[in-house]
Amino acid sequence: MLNLDKSQAAFTEAKTLMPGGVNSPVRSYKSMDCDPPFIDHAKGSKIYDIDGNEYIDYIGSWGPMVVGHAHPQVVEALQKVTEKGTSYGAPTLLESDLAKLVMSVYPSIEKIRMVNSGTEATMSAIRAARGYTGREKFVKFIGCYHGHSDSLLVKAGSGAATFGVPDSPGVTKGTAQDTITVPYNDMAAIEQVITEQGNEIAAVIIEPVAGNMGLVLPKQGYLRRLREITEQHGIVLIFDEVMCGFRASLGGAQAAYGIVPDMTCLGKIIGGGLPVAAYGGKTEIMDMVAPAGPVYQAGTLSGNPLAMTAGIATLSILTAAPEEGQPDFSRVLTIKTKQLLLALQNAAKEAGIKIQLHQAGSMFGLFFNENPVYDYETSAASNQEAFKVYFKAMLEQGIYIAPSQFETLFMSGAHTSEDIAKTIEAAKIAFKAVADFLNK
Ligand SMILES: *Cc1c(COP(=O)(O)O)cnc(C)c1O
């Protein structure tokens, strides 16, 4: 048995200080009926709690830690820059350096604005699209999460699925009424909405690879058709690649599927573990943003030198030219992820259970569902009790996965073949436990 005494005491105290004991809901493990480990430190592929337990980490701070925890290049760069002061509230060369690095991999971004969170990026992108088109409504897809700003917190995926709250109290009807929601991967549904209300719609925002209702991939041709129909109606197409950026492929879902959106939101990885996100896109849209244009958006700590530095260091590792004849960083992650998933599929089969395994580059996810998962409804139909058995068995064996099957898991550059082998052995035991549970 894992000893979590110190974590349990810490959680008891934290619950008197913060709602549910946490500063972000899914960290509480509430839906898993157990207490979360409190983390002391992390290095490479491993994370360590305050009771001294070691785990192989597939959460990666919910996506950002693609090069592994405390990567020496990132740590060194941060130490150096910290000596020079932690914030100036004035322009720096670092901001242009990160902008150039991002734009070199995302050519659809002609101009970019750095912000502090994915929530800010999507909220600001919608505002810019509204300012640009002079229209008020926008479309989002059921089960896609775009941060917690009011108008985007409608039918918003994993948090909702895990906690059974479809829409959040505190979001007014007035705010929600400009948000049109349609099922993911349902071409007829979006075509109908655009045919009927196209000239009132400023933007369509989508996770082109959806990671917040579990990992759900776009159907063949879906994104292409979405691009066509939005273009025909003068609607700004926003790809929210906060999660799938630098993950689905180095150039994100847009490179993987060959689609050019009008705007892109990035986050998670571009901050290398510090709070950074960004939105960007066509110059004519981005020049609507203040001070170039009238659409207001600002931030005291936006473009913070430490945050830019962590982002630059991380993206430099991701974009470095590989040694001759070797696959590049992203390709290696994709191969490692595929190896893990093949073994997991076999292990599930051996245990006699049917699961759905999805992969996009270094993102992966597993559903305890016998049927294909392609939207919110099919995702939510997965067996939560079976997942709970699996989750606990994995944690017990030192494998740190998200406490919800409606979250995506991540491979990092630091995961070794030994880590992967250990994970597979743990999964064999966990799948057996699930099979026993299901047959009982
Ligand atoms: C994480 C995430 C966000 C929100 O980013 P925060 O930094 O948590 O505000 C937005 N969109 C997507 C697709 C995300 O995965």
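In each ligand, atom 1 is the first atom listed, and ligand 1 is the first ligand listed.
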K.L.:
Look only at interatomic distance and state if Asn212 has a nitrogen or oxygen under 3.5 Å from any nitrogen or oxygen of ligand 1.
P.N.:
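Yes.
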
K.L.:
Between Gln192 and Glu196, is there a side-chain donor-acceptor contact under 3.5 Å, judged purely by atom types and distance?
P.N.:
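Side-chain D/A pair, Glu196 to Gln192: present.
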
K.L.:
Specify the protein heavy atom at minimum distance from atom 15 (O) of ligand 1: its residue, its atom name, and the distance to 0.1 Å.
P.N.:
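Ranked first by proximity to atom 15 (O) of ligand 1 is Lys268 NZ, 2.6 Å.
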
K.L.:
At what distance is the nearest protein heavy atom to atom 8 (O) of ligand 1, and which residue and atom is it?
P.N.:
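Here the closest protein heavy atom is Thr119 OG1, 4.6 Å.
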
K.L.:
Once you restrict to heavy atoms under 4.0 Å, what part of Glu120 touches ligand 1? Side chain, backbone, both or neither.
P.N.:
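Under 4.0 Å from ligand 1, Glu120 contributes no heavy atoms.
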
K.L.:
Testing Lys111, Arg127, Gln297 one by one against Tyr279 for a side-chain hydrogen bond (donor to acceptor under 3.5 Å, both in side chains), which residue passes?
P.N.:
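Considering Lys111, Arg127, Gln297, a side-chain hydrogen bond (donor to acceptor under 3.5 Å, both in side chains) with Tyr279 is found only for Gln297.
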
K.L.:
Can you check whether Phe239 and Tyr106 have ring centres sitting under 6.0 Å from each other?
P.N.:
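No - the distance between ring centres of Phe239 and Tyr106 does not fall below the 6.0 Å cut-off.
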
K.L.:
Applying a heavy-atom cut-off of 4.0 Å, say which part of His146 lies close to ligand 1: side chain, backbone, both or neither.
P.N.:
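Backbone only.
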
K.L.:
Find all atoms of ligand 1 within a distance of less than 4.0 Å from any non-hydrogen atom belonging to Asp240, and give their numbers and elements.
P.N.:
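With Asp240 as reference, the close atoms of ligand 1 come out as 10 (C), 11 (N), 12 (C), 13 (C).
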
K.L.:
Is there a donor-acceptor contact under 3.5 Å linking the side chains of Tyr145 and Glu207?
P.N.:
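There is no such pair between these side chains.
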
K.L.:
From atom 11 (N) of ligand 1, is the closest protein heavy-atom distance below 4.0 Å?
P.N.:
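Given the 4.0 Å limit, the answer for atom 11 (N) of ligand 1 is yes, a protein heavy atom qualifies.
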
K.L.:
If I apply the N/O under 3.5 Å rule, does Glu207 come out as touching ligand 1?
P.N.:
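No: no nitrogen or oxygen of Glu207 is under 3.5 Å from one in ligand 1.
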
K.L.:
Classify the angle between the aromatic ring planes of Phe367 and His358 as parallel (below 30°), tilted (30 to 60°) or perpendicular (above 60°).
P.N.:
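If you compare the ring of Phe367 with that of His358, the planes turn out perpendicular.
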
K.L.:
In Å, rounded to the nearest 0.5 Å, how long is the span from CD1 of Ile259 to CD of Glu228?
P.N.:
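It comes to 8.5 Å.
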
K.L.:
Any nitrogen or oxygen of Gly118 lying under 3.5 Å from a nitrogen or oxygen in ligand 1? Just yes or no.
P.N.:
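In this structure, Gly118 places an N or O atom under 3.5 Å from an N or O of ligand 1.
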
K.L.:
Would you say Thr334 and Thr337 are linked by a side-chain donor-acceptor pair, where the criterion is simply a distance under 3.5 Å?
P.N.:
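Their side chains do not contain a donor-acceptor pair, so the 3.5 Å distance test is not met.
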
